[in-house]
Amino acid sequence: MLRAFLIALAVLAAPAAAQDFPVRIHHAFGTATIPNQPARVVSLSFIGHDFLLALGVKPHALRKWYGDHPHGVWPWAQTALGNAAPVVMQGEIDIEAIAVMKPDLIVGQWSGMTENDYRLLSQIAPTIAHRAEWGPYGAPWQEMLRTLGAATGHLERAEAEIARLESRFARIRAAHPDWQGASAAMVWAGSTGAYTSRDIRGRLLRGLGLTVPAAIDARGGLNVTYVRIPPEDLSPIDVDALIWLDAGGAVGRLNNLPLRNTMRAYAEGREIYSDLMLSAALSHSSPLSLDYALDRFVPLLEAAMDGDPATVVTTSQEAGILPVEASDAR
């Protein structure tokens with residue numbers, strides 16, 4: 001019963017067994033019918049190759065997001081990539097280049113694929129876009145993995161990985177009852193943009209029992225999961241745990257951000273600076289990046305949330321964003 005229920009969440013398949021083909025997957029622009037287990041998968045999602053690699057599927061081509069790692073794959077996924085050398089795409093979706101690859105499956109959750117893109121891509125191969133109820137960038141990591149598991153014939157492996165990671169989140173929540181319902185926000189340091197609870201980063205916070213403020217969510221919507229916070233009013237991000245995401249180079253901006261020194265998060269040492277690697281791991285929130293992210297993030301969150309302003313959040317101290325007097329004292 002449970003297995004059938006899980007399959008129905010993402011897949012409407014004619015056969016009784018989940019690993020049988022054809023498989024039909026509904027999404028925002030229609031239904032993808034996958035006749036056989038695919039061997040030549042093109043991933044257009046900025047983070048989707050991590051999910052495929054977690055299933056043991058090495059994509060024929062992937063869409064690089066950012067960073068300078070081999071084949072566009074970050075360190076936490078390099079072992080899963082092995083010796084594979086996928087074609088690396090970057091920038092806008094190139095329909096002609098994809099057609100030349102002759103894929104038998106195109107996957108585009110978390111890709112920004114438009115309906116026109118889908119119309120053209122689906123003439124090349126079965127194509128999976130985002131689900132309508134989540135918007136282009138609002139899918140939970142569990143459902144992205146579950147959908148890819150069904151589409152590639154690895155649903156059992158997907159469910160096992162989901163169960164493992166959800167168990168880890170549950171253990172963290174149980175060990176930190178004081179976090180439950182506390183406010184938190186992930187904010188891009190380079191432009192003071194916050195991620196809503198619908199974003200994959202906001203969902204990670206929710207998985208730990210934390211709550212993204214309504215003042216942030218109210219600025220977004222189904223298709224908007226990243227919202228700018230005006231420098232003259234930082235109150236929406238003055239939270240119990242403020243996580244600054246940075247790709248490098250925004251420390252000077254943070255130290256000169258007007259009104260930041262008026263925030264409780266600043267005065268009480270509740271800010272967490274996330275360097276390039278941690279920011280990327282949190283932003284991917286994939287089955288392969290989550291373990292790395294939680295290993296580093298949970299101790300930082302403990303320091304920020306312990307209620308003692310004198311407790312050092314080590315990454316914030318190393319980055320140089322602590323108040324001068326606090327930094328000297330610590």
Asks: Side chain of N255, backbone of G320: donor and acceptor closer than 3.5 Å?
Replies: yes
Asks: Kindly give the heavy-atom pair with the smallest separation between K58 and A84, and that separation in Å.
Replies: CD-CB, 3.7 Å
Asks: Heavy-atom distance under 4.5 Å between the side chains of L245 and S283, does that happen here?
Replies: yes
Asks: Indicate, with yes or no, if F29 and L44 share a hydrophobic cluster defined by side-chain heavy-atom contacts under 4.5 Å among Ile, Leu, Val, Met, Phe, Trp and Tyr.
Replies: yes
Asks: Would you indicate whether the side-chain heavy atoms of M101 and V87 approach each other to under 4.5 Å?
Replies: yes
Asks: Less than 4.0 angstrom from a charged side-chain N to a carboxylate O is my criterion; do R260 and D238 meet it?
Replies: no
Asks: Under 4.5 Å side-chain heavy-atom separation, chaining through any Ile, Leu, Val, Met, Phe, Trp or Tyr, what else clusters with V100? Say none if it is isolated.
Replies: none
Asks: Identify the two heavy atoms, one from N223 and one from P136, that lie closest to each other, and give their separation to 0.1 Å.
Replies: OD1-CD, 3.0 Å
Asks: Partners of D104 by side-chain hydrogen bond (donor to acceptor under 3.5 Å, both in side chains), sequence neighbours excluded?
Replies: none
Asks: Is there a continuous path of hydrophobic side-chain contacts, each under 4.5 Å between heavy atoms, that joins V239 to L300?
Replies: yes
Asks: Could you grab the distance from atom CG of D246 to atom CG of L254, nearest 0.5 Å is fine?
Replies: 7.0 Å
Asks: Please determine whether side-chain contact (heavy atoms from CB on, under 4.5 Å) holds for the pair L282 and M186, giving the CA-CA distance in whole Å, both sets of side-chain angles, and the decisive distance to 0.1 Å.
Replies: CA-CA 9 Å; L282 293 168; M186 291 200 191; 4.0 Å; yes
Asks: Could you check whether R146 pairs with E159 (Lys NZ or Arg NE/NH1/NH2 to Asp/Glu carboxylate O, under 4.0 Å)?
Replies: yes
Asks: State which residues pass side-chain hydrogen bond (donor to acceptor under 3.5 Å, both in side chains) with D308; sequence neighbours excluded, sorted by chain then number.
Replies: none
Asks: Heavy atoms, side chains only, cut-off 4.5 Å: are L148 and Q109 in contact?
Replies: yes
Asks: Spell out, as yes or no, whether a donor-acceptor pair under 3.5 Å connects the side chain of S167 to the backbone of A163.
Replies: no
Asks: Looking only at heavy atoms, what is the nearest atom pair of D306 and A303, with distance?
Replies: OD1-O, 3.2 Å
Asks: Do side-chain atoms of S183 reach the backbone of T211 as a donor and acceptor pair under 3.5 angstrom?
Replies: no
Asks: Does the ring center of Y137 lie less than 6.0 Å from the ring center of H130?
Replies: no
Asks: Taking only residues two or more places apart in sequence or in another chain, which ones pass side chain to side chain contact (heavy atoms under 4.5 Å, CB included) with L222?
Replies: R198
Asks: Within the side chain of H27, is there an N or O that forms a donor-acceptor pair under 3.5 Å with the backbone of T127?
Replies: yes
Asks: Kindly determine whether Q37 and T152 satisfy side-chain contact (heavy atoms from CB on, under 4.5 Å), including the steps that lead there.
Replies: CA-CA 6 Å; Q37 185 169 21; T152 61; 5.5 Å; no
Asks: Look up atom CZ in F51 and atom CE in M144, then write down how far apart they are to the nearest 0.5 Å.
Replies: 3.5 Å
Asks: Measuring from atom CG of D50 to atom CG of L62, what distance do you get when rounded to the nearest 0.5 angstrom?
Replies: 9.5 Å
Asks: Rounded to the nearest 0.5 Å, what's the gap from CG on L208 to CH2 on W179? Could you check?
Replies: 6.0 Å
Asks: What distance do L165 atom CG and L294 atom CG have between them, rounded to the nearest 0.5 Å?
Replies: 8.0 Å
Asks: Between L301 and L210, is any pair of side-chain heavy atoms under 4.5 Å apart?
Replies: yes
Asks: Under the side-chain hydrogen bond (donor to acceptor under 3.5 Å, both in side chains) rule, collect the residues that match up with R63, sequence neighbours excluded.
Replies: none
Asks: Apply side-chain contact (heavy atoms from CB on, under 4.5 Å) to residues I128 and Y118 and explain how you reach the verdict.
Replies: CA-CA 8 Å; I128 301 172; Y118 170 75; over 6 Å; no
Asks: Measure from the side-chain N and O atoms of D117 to the backbone N and O of M113, and report whether any donor-acceptor pair falls under 3.5 Å.
Replies: no
Asks: Indicate yes or no: does R206 engage D199 in a salt bridge with an N to O separation below 4.0 Å.
Replies: no
Asks: Show the atom names and distances, to 0.1 Å, of all donor-acceptor pairs under 3.5 Å that link a side chain in residues 188-195 to residues at least two apart or in another chain.
Replies:
unit_1: S191; atom_1: OG; unit_2: Y226; atom_2: OH; d: 2.5
unit_1: T192; atom_1: OG1; unit_2: R253; atom_2: NH1; d: 2.8
unit_1: T192; atom_1: OG1; unit_2: R253; atom_2: NH2; d: 2.9

Asks: For W74 and M277, what are the C-alpha separation, side-chain angles and deciding distance, and is it a side-chain contact (heavy atoms from CB on, under 4.5 Å)?
Replies: CA-CA 9 Å; W74 286 72; M277 192 69 71; 3.7 Å; yes
Asks: Tell me if a side-chain donor or acceptor on S279 pairs with a main-chain N or O of L276 at a distance below 3.5 Å.
Replies: no
Asks: Is the shortest heavy-atom distance from the side chain of L234 to the side chain of I229 under 4.5 Å?
Replies: yes
Asks: Just by distance, do the side chain of S122 and the backbone of R119 share a donor-acceptor pair under 3.5 Å?
Replies: yes
Asks: So which heavy atom on A184 is nearest to which on P213, and how close?
Replies: O-CD, 3.4 Å
Asks: Taking atom CD of E232 as the centre, report whether more than 12 heavy atoms of other residues, nucleotides or ligands fall under 6.0 Å from it.
Replies: yes
Asks: Please check: side-chain N/O of T315 versus main-chain N/O of Y273, any donor-acceptor pairing under 3.5 Å?
Replies: yes
Asks: Would you call V313 and E271 a side-chain contact if the rule is heavy atoms closer than 4.5 Å?
Replies: no
Asks: Test F169 against every option in E166, R173, R171 by the side-chain contact (heavy atoms from CB on, under 4.5 Å) rule and name the one that passes.
Replies: R173
Asks: Mind telling me whether Y66 and H284 have parallel, tilted or perpendicular rings, with 30° and 60° as the class edges?
Replies: tilted
Asks: For the side chain of Q78 and the backbone of V73, is there at least one donor-acceptor N/O pair under 3.5 Å apart?
Replies: yes
Asks: Honestly curious: do L257 and V187 fall in one hydrophobic cluster under the side-chain, below-4.5 Å linking rule?
Replies: yes
Asks: Taking atom types as modelled and ignoring hydrogens, do the side chains of N116 and T114 form a donor-acceptor contact shorter than 3.5 angstrom?
Replies: no
Asks: Testing the basics here: between I243 and S274, what is the closest heavy-atom pair and its distance to 0.1 Å?
Replies: CG2-OG, 3.4 Å
Asks: Output the distance between atom CH2 (W141) and atom OG (S285), rounded to the nearest 0.5 Å.
Replies: 9.5 Å
Asks: Using distance alone, with no hydrogens and no angle criterion, decide if H49 and S43 have a side-chain donor and acceptor under 3.5 Å apart.
Replies: no
Asks: Before we go on, tell me: are the rings of W110 and W65 under 6.0 Å apart, centre to centre?
Replies: yes
Asks: If you take all heavy atoms of I124 and P103, which pair is closest and at what distance?
Replies: CG2-CD, 3.8 Å
Asks: Between the side chain of S316 and the main-chain N/O of I321, is any donor-acceptor distance below 3.5 Å?
Replies: no
Asks: Determine whether F46 and L55 fall in the same hydrophobic cluster, where Ile, Leu, Val, Met, Phe, Trp and Tyr are linked whenever their side-chain heavy atoms lie under 4.5 Å apart.
Replies: yes
Asks: In a check of side-chain contact (heavy atoms from CB on, under 4.5 Å) between E161 and each of L290, L145, L288, which one passes?
Replies: L145
Asks: Would a hydrophobic clustering, with Ile, Leu, Val, Met, Phe, Trp and Tyr connected at side-chain separations under 4.5 Å, put I216 with L259?
Replies: yes
Asks: Is there a side-chain contact between L81 and H71 (heavy atoms, below 4.5 Å)?
Replies: yes
Asks: How about E302 and V298: do any of their side-chain heavy atoms sit closer than 4.5 Å?
Replies: yes
